[in-house]
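Below is one structure, written out as structure tokens; the observations come after it.
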Amino acid sequence: MTCTVIVGGFYGDEGKGKLIAYLAQKDKISIAVRGGVGPNAGHTFAFNGKKYKVRMLPSAGLNMGTRLFIGPGVLVDPVILQAEIKIFDSQDRTFVDPNCAIIEKKHVEKDSSLDHLAHKVGTTGTGTGPANADRALRIAKIARDVPELAVYLEDVSDAINRAIENSENILAEGTQGTYLSLYHGNYPYVTSKDVTASAICSDVGIGPKSVDEVLVVFKSYVTRVGQGPLNEELSSDEAGNRGWQEFGSVTGRQRRAAPFDLNLAKKAIKINSASQLAVTKLDILYPECAGLKEYANLPDKAKQFIENIENQTGKPVTLIGTGEDLNEVIDRRDQI
Ligand code: IMP
Ligand code: MG
């Protein structure tokens, strides 16, 4: 029985949502808890031909046995949250910490109208930066002030620490990626708080010694939306030729693309104290991998790609994404 923290190793959009949706079903997760910034994240997953996107709830909503928590460090947009609760029919298993700060219309307006945020940083325009600023000023509303959230209020850290004591399986879901961290990324081209594994623990109210596994998720290539440096960035034509063209799930903006960056990966592994790695979208790099579920069936060059990451970082790649559906995963956790 384990408590696992899942974070992104690059600039977000590594495919955390899909892996969390997979693990929730596979491991019969009893609690999934969202840490991270707020609805600036868009976590997507597909199951039986249907696509889902969540911005507020943890990505485990399809698994009816999983209770869905939002930690006190997370910003809540009540409109977005209510819509997601409907989609996943999760009224009775959604819990919001009373201390979550609230995103209001004025925050969204500021995020999309201030030149510095909208153009220099290139934010998602979802109000998260201005809401976190108000929170630091201690003038933000919090969830306990919002009547329509009253039915969901629960002391999240208390619930999770009790579940840890009862040896339940718990997933703590981070958002964005290591290099969008306010502290560890390329300031000012970053999000409005830290998003590394330690921050996710703090967001949900668990101490570092309560964590058994830290899974750092990388995509087989690097993408970045918004401004800021991107090593070995490809032209958009070249990204298109390679099939690496992606569009943001929250903003629809085209993502910039670059090859897998081992130096960034090595540093992310240290900052997050990764115990395991995941590599997603291997089928985009090597189309022959599409839908495969057994490592032994991968073509040699795909195996070499994975094994090079393992040799260079000293960490096992335990989960490999080979397609969109949440079950299109090679799961090698039994080999470590
Ligand atoms: P903000 O988090 O909306 O303030 O945006 C700050 C920076 O983080 C911008 O470059 C955004 O594009 C980026 N960003 C924020 N959330 C995500 C995400 O979930 N995926 C990818 N990039 C993100
Ligand atoms: Mg995303």
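Along the sequence shown, residues are numbered consecutively beginning with 1. One-based numbering, in listed order, for ligands and for the atoms of each.
Within the 3.5 Å criterion, the main-chain N or O of W244 finds no donor-acceptor partner in the side chain of R255. At distances below 3.5 Å, at least one donor-acceptor pair connects side-chain atoms of D212 with backbone N or O atoms of C3. Judged by distance alone, the side chain of T318 and the main-chain N or O of R332 form no donor-acceptor pair under 3.5 Å. Distance alone, capped at 3.5 Å, is enough to place a donor-acceptor pair between the D325 side chain and the N48 backbone.
Every atom of ligand 1 is numbered from 1 in the order shown, and the set under 4.0 Å from a heavy atom of Y11 is 21 (C), 22 (N).
Residues satisfying the side chain to side chain donor-acceptor pair (under 3.5 Å) criterion with N99, sequence neighbours excluded, are absent altogether. With sequence neighbours excluded, the residues satisfying salt bridge (charged side-chain N to carboxylate O under 4.0 Å, His left out) with K16 are E14.
Residue A41 holds the heavy atom nearest to atom 19 (O) of ligand 1 of all those in G185, A41, G38. When the heavy-atom distances from atom 5 (O) of ligand 1 to T223, V225, T123, L182 are ranked, the shortest goes to T123. Comparing D13, N132, L180 against atom 20 (N) of ligand 1, the shortest heavy-atom distance belongs to D13. Comparing G17, G122, G226, A131 against atom 11 (C) of ligand 1, the shortest heavy-atom distance belongs to G122.
The part of R253 lying near ligand 1 is the side chain, judged by heavy-atom distances below 4.0 Å. When non-hydrogen atoms are compared, ligand 1 lies under 4.0 Å from neither the backbone nor the side chain of Y189. Of the heavy atoms in T128, only side-chain atoms (C-beta onward) come closer than 4.0 Å to ligand 1.
Between R67 and E154 there is no salt bridge, since none of the side-chain N atoms of the basic residue sits less than 4.0 Å from a carboxylate O of the acidic one. Note on D77 versus R55: no salt bridge recorded, every NZ/NE/NH1/NH2 to OD/OE distance being 4.0 Å or above. Of the charged side-chain nitrogens involved, at least one lies within less than 4.0 Å of a carboxylate oxygen, so that D27 and R333 count as a salt-bridged pair.
At least one N or O atom of T124 sits closer than 3.5 Å to an N or O atom of ligand 1. Polar contact with ligand 1: present for T191 (N/O pair, distance under 3.5 Å). Note: an N/O pair closer than 3.5 Å links Q176 and ligand 1 by distance alone. By the 3.5 Å distance cut-off applied to N or O atoms, T126 is not counted among the residues near ligand 1.
Residue pairs satisfying the salt bridge (charged side-chain N to carboxylate O under 4.0 Å, His left out) criterion with at least one member in residues 233-243, sequence neighbours excluded, are listed as follows: E233-R256, E238-R242.
Within the 4.0 Å heavy-atom cutoff, T251 does not count among the residues contacting ligand 1.
Counting only heavy atoms of the protein, atom 7 (C) of ligand 1 lies nearest to V190 O, 3.9 Å.
Here 2 is the count of protein N, O or S atoms positioned under 2.8 Å from the Mg ion (ligand 2), waters not counted.
Test K18, K51, K281 against E324 for side-chain hydrogen bond (donor to acceptor under 3.5 Å, both in side chains) and you get one pass: K51.
Ring geometry, Y52 versus F45: the interplanar angle falls under 30°, so the pair is classed parallel (tilted spans 30 to 60°). Taking the six-membered ring where tryptophan is involved, the planes of Y11 and Y179 are tilted, since the angle between them lies from 30° to 60°.
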